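Sharing a structure with you now.
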Amino acid sequence: AAQRGRAARANVGRLKADKAAAEAAAREAAAAADGAQQEATDATDAEQAAMHPSPEIAKAGGAGGEDEENAAATKLQAVQRGRTARAKVAGLRSAQLAAEARAAAADSSLEADAAAEATEEQQAAAATTLQAAQRGRAARAKLRADKAAADAKVAELDAQLATAEVEAVHFDGTEQEQTAATKLQAVQRGRRARTDVGQLRKQRESAAAASAATADSLADAELASDGLLEASSAATCKSEDTAAATAGLGRLSSGGAPTAGAGGVSAMAGDGYYDTDAMRRAPGSDEMARNAVRMHHSFGLDSTARNNLAYIAEDTLMFTVGNVVQTLDLTTLQQTYLHGIDGGGVGMVCVHPTMAFFALGEKGTNPNVYIYEYPSLRLTKVLRGGTEQAYSCGRFSPDGSKLATVGGYPDFWLTVWDWKKESIVLRSKAFSQDVFDVHFSPFFEGQLTSSGTGHIRFWKMAGTFTGLKLQGDIGRFGNEDLSDIAGYAELPDGKVLSGTESGRLLLWDGGLIKAVLLRA
């Protein structure tokens with residue numbers, strides 16, 4: 001009995017040390033949790049202020065689409081900071097409760113050993129009452145330890161849940177706020193993709209080197225051509241090599257530079273038009289040459305393509321079929337066929353207001369927009385760098401001086417061209433999903449409208465301190481169901497009437513719905 005008593009007293013000393021260490025750890029965790037709680041309170045206040053702004057701030061923030069997107073991005077960041085702070089508090093509370101559980105477990109063991117020690121020492125005195133009290137304290141200490149362990153487990157789960165919520169941020173808001181939140185998250189993901197910049201810069205350097213080499217070759221050819229022309233004048237004759245050199249160095253009558261075609265041959269003919277055969281992509285090893293077969297007749301059109309039917313003359317229709325642009329004379333039913341150049345198919349076709357030109361946007365790798373004369377079907381202009389894979393839609397301005405095109409996935413670029421100069425005027429990302437159509441305003445110069453999957457957007461060419469820019473205002477659906485918009489029309493006062501998937505007509509004014517029209 002004496003030996004058991006000594007062993008129990010030694011164990012009591014160890015348990016007291018464990019309890020003291022656990023209590024110290026609990027106090028440290030509690031202090032850290034209190035500090036984090038203050039940070040979480042501040043972050044929660046900021047989150048509430050962002051989620052529920054005052055009427056004055058809300059009114060000021062509704063001035064335009066970009067302002068609302070910035071406000072929504074700020075709101076998302078406030079939510080993320082608030083949840084991160086609360087996750088930190090939950091983790092520290094979990095550590096505090098775990099330490100308290102260890103202290104309670106040590107206290108429980110301490111009470112049990114003390115009860116055992118008292119039992120041996122007090123047997124002779126039959127201290128039954130004291131033994132019962134000590135055993136009761138030990139039982140209560142065990143219960144406190146069990147409860148502390150359970151609280152610690154709950155706190156651990158709360159911390160895990162709070163951490164998960166930081167990764168899965170979502171909040172209720174307008175469609176613009178949700179779009180901005182998605183945009184911010186996409187930007188955060190995009191930061192991880194910046195390693196591609198080096199590769200793109202190398203590609204650009206290679207392209208610049210190729211361009212410089214082409215310029216040097218062009219200068220050498222010009223010198224050779226001048227020498228041949230002088231020799232020709234002196235001898236009053238012209239060799240075949242001289243004729244080839246002068247033909248290859250023809251100049252655009254309206255300005256511009258010749259473009260290298262297949263095999264390094266100039267794609268610009270001497271009469272100021274492009275040579276489509278020289279520009280056409282060479283067939284692959286598993287492809288048949290285009291001149292191996294002749295188009296005899298076409299029996300249809302691509303009925304799934306949008307804006308794929310236009311008048312090119314009073315009695316002639318134009319539309320696309322695969323890699324071919326086709327015209328149909330409604331009087332004689334005669335058909336003509338114009339094959340694509342880039343080889344990936346035709347993405348869009350649109351007709352100039354004078355019907356003297358039409359634009360053909362193709363598909364492929366870095367496809368071009370080709371401007372043809374009508375009815376000669378001669379290629380007069382080539383617009384480069386408007387999209388990466390395919391053009392989805394395009395329109396000429398009412399006066400015919402500008403052309404707007406929209407690319408498809410992955411860039412969705414809206415580009416405004418000075419097509420006669422073959423140059424880009426303005427560019428902006430139209431949307432993050434498919435765009436069905438784009439129009440210049442027939443009443444207000446410098447304004448455009450685009451629409452597509454789940455959106456409509458109103459554009460202005462606005463002068464800023466950094467120059468002319470395209471500024472887009474996303475239409476807010478408000479209480480109306482979000483809808484794809486395939487068709488719309490602008491009214492003389494600037495309001496826009498659009499259709500919806502449900503058949504309801506929406507009257508838009510400055511990005512807001514002013515009226516909903518439906519059948520009574």
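Please read these numbers as outputs of a predicted model, since none were measured by experiment. Positions are given from 1, in the same order as the sequence printed here. No hydrogens, no waters, no symmetry mates; every other heavy atom, side chains included, goes into these values.
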Checklist entry - Can you name the side chain to side chain contact (heavy atoms under 4.5 Å, CB included) partners of Ala313, sequence neighbours left out? => result Asp315, Thr316, Tyr374
Checklist entry - Does the Arg504 side chain pair with the main chain of Val516, one donor and one acceptor, at a distance under 3.5 Å? => result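 The answer is no, because no donor-acceptor pair under 3.5 Å joins these two groups.
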Item to check | Partner residues of Trp419 under the side chain to side chain donor-acceptor pair (under 3.5 Å) criterion, sequence neighbours left out | outcome: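 For Trp419 there are no side chain to side chain donor-acceptor pair (under 3.5 Å) partners, ignoring immediate neighbours.
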Next on the checklist: Nearest 0.5 Å, please: how far is OG in Ser423 from NZ in Lys381?
Outcome noted: 10.0 Å
Item to check | Any residue meeting side chain to side chain donor-acceptor pair (under 3.5 Å) with Asn479, in chain and number order, not counting sequence neighbours | outcome: none
Checklist entry - Is the number of heavy atoms from other residues, nucleotides or ligands within 6.0 Å of NZ (Lys514) greater than 12? => result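 Counting other residues, nucleotides and ligands, NZ of Lys514 stays at 12 neighbours or fewer.
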Item to check | N/O donor-acceptor pair under 3.5 Å between Glu501 side chain and Asp484 backbone | outcome: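 Indeed, once roles are kept as given, a pair shorter than 3.5 Å links the two residues.
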Next on the checklist: Hydrogens and angles aside, do Thr320 and Asn308 bring a side-chain donor and acceptor to less than 3.5 Å of each other?
Outcome noted: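 Asn308 and Thr320 do have a side-chain donor-acceptor pair below 3.5 Å.
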Checklist entry - Which residue pairs satisfy the salt bridge (Lys or Arg N to Asp or Glu O under 4.0 Å) criterion with at least one member in residues 291-311, sequence neighbours excluded? => result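 Residue pairs with at least one partner in residues 291-311: there are none.
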Item to check | side chain to side chain contact (heavy atoms under 4.5 Å, CB included) partners for Gln326, two or more places apart | outcome: Ser298, Phe319, Val321, Gln335, Tyr337
Next on the checklist: Is it true that, when you exclude Asp481 itself, more than 12 heavy atoms of the residues, nucleotides or ligands shown sit nearer than 6.0 Å to its CG?
Outcome noted: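 No, the 6.0 Å shell around CG holds no more than 12 heavy atoms from other groups.
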Next on the checklist: So does Val382 get a backbone contact from the side chain of Glu422, meaning a donor-acceptor N/O pair under 3.5 Å?
Outcome noted: yes
Checklist entry - Any side-chain heavy-atom pair from Leu317 and Tyr311 closer than 4.5 angstrom? => result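 Side-chain contact under 4.5 Å: yes.
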Item to check | Flag, side chain of Ser451 to backbone of Ile485, donor-acceptor distance under 3.5 Å | outcome: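 Yes: the side chain of Ser451 pairs with the backbone of Ile485.
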Checklist entry - Going from OG1 on Thr453 to CZ on Phe412, what distance comes out if it is rounded to the nearest 0.5 angstrom? => result 8.0 Å
Item to check | Residues which pass side chain to side chain contact (heavy atoms under 4.5 Å, CB included) with Lys363, listed by chain and number, not counting sequence neighbours | outcome: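 Testing Lys363 for side chain to side chain contact (heavy atoms under 4.5 Å, CB included), a comparison that skips the adjacent residues, returns Ala390.
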Item to check | Ring-ring centroid check Trp508 Phe477, cutoff 6.0 Å | outcome: yes
Next on the checklist: Return the CD1 to CG distance between Ile513 and Leu505, rounded to the nearest 0.5 Å.
Outcome noted: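 Between atom CD1 of Ile513 and atom CG of Leu505 there are 11.5 Å.
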Checklist entry - In Å, rounded to the nearest 0.5 Å, how long is the span from OH of Tyr409 to CG of Asp434? => result 11.0 Å
Item to check | Donor-acceptor side-chain pairing of Thr387 and Asp411 below 3.5 angstrom | outcome: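 A donor-acceptor contact under 3.5 Å links the two side chains.
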Checklist entry - If you look only at pairs with a residue in residues 339-362, which of them pass as a side-chain hydrogen bond (donor to acceptor under 3.5 Å, both in side chains), with sequence neighbours excluded? => result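 The answer is Arg290-His339, Asp342-Tyr370, His352-Thr354.
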Item to check | Spacing of Leu491 atom CG and Leu507 atom CG [to the nearest 0.5 Å] | outcome: 6.5 Å
Checklist entry - Under the side chain to side chain donor-acceptor pair (under 3.5 Å) test, which residues partner Glu445, sequence neighbours left out? => result none
Item to check | Listed partners of Thr336 passing side chain to side chain contact (heavy atoms under 4.5 Å, CB included), at least two apart | outcome: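 Result, side chain to side chain contact (heavy atoms under 4.5 Å, CB included) vs Thr336: Thr327.
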Checklist entry - Is the side chain of Arg280 donor-acceptor paired with the backbone N or O of Gly340 at a distance under 3.5 Å, no angle test? => result yes
Item to check | Side-chain donor or acceptor of Thr380 paired with backbone N/O of Ile371 under 3.5 Å | outcome: no
Item to check | Side chains of Ser397 and Asp399, donor plus acceptor under 3.5 Å | outcome: yes
Next on the checklist: If the condition is ring pair (Phe, Tyr, Trp, His ring centres under 6.0 Å), which residues does Tyr372 pass it with, not counting sequence neighbours?
Outcome noted: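 For Tyr372 the ring pair (Phe, Tyr, Trp, His ring centres under 6.0 Å) partners, ignoring immediate neighbours, are Phe358.
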Item to check | Trace of the side-chain contact (heavy atoms from CB on, under 4.5 Å) decision for Leu497 with Tyr488 | outcome: CA-CA 5 Å; Leu497 187 66; Tyr488 53 86; over 6 Å; no
Checklist entry - For the atom pair CG (Asp437) and SG (Cys350), what is the distance rounded to the nearest 0.5 Å? => result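 Rounded to the nearest 0.5 Å, the CG-SG separation comes to 10.0 Å.
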Checklist entry - Tell me the ring pair (Phe, Tyr, Trp, His ring centres under 6.0 Å) pairs involving residues 279-309, sequence neighbours left out? => result His297-Phe299
Checklist entry - Can you find a pair of side-chain heavy atoms, one from Leu414 and one from Arg457, that are under 4.5 Å apart? => result no
Next on the checklist: Applying salt bridge (Lys or Arg N to Asp or Glu O under 4.0 Å), can you list everything that pairs with Glu373, at least two apart in sequence or on another chain?
Outcome noted: Arg378
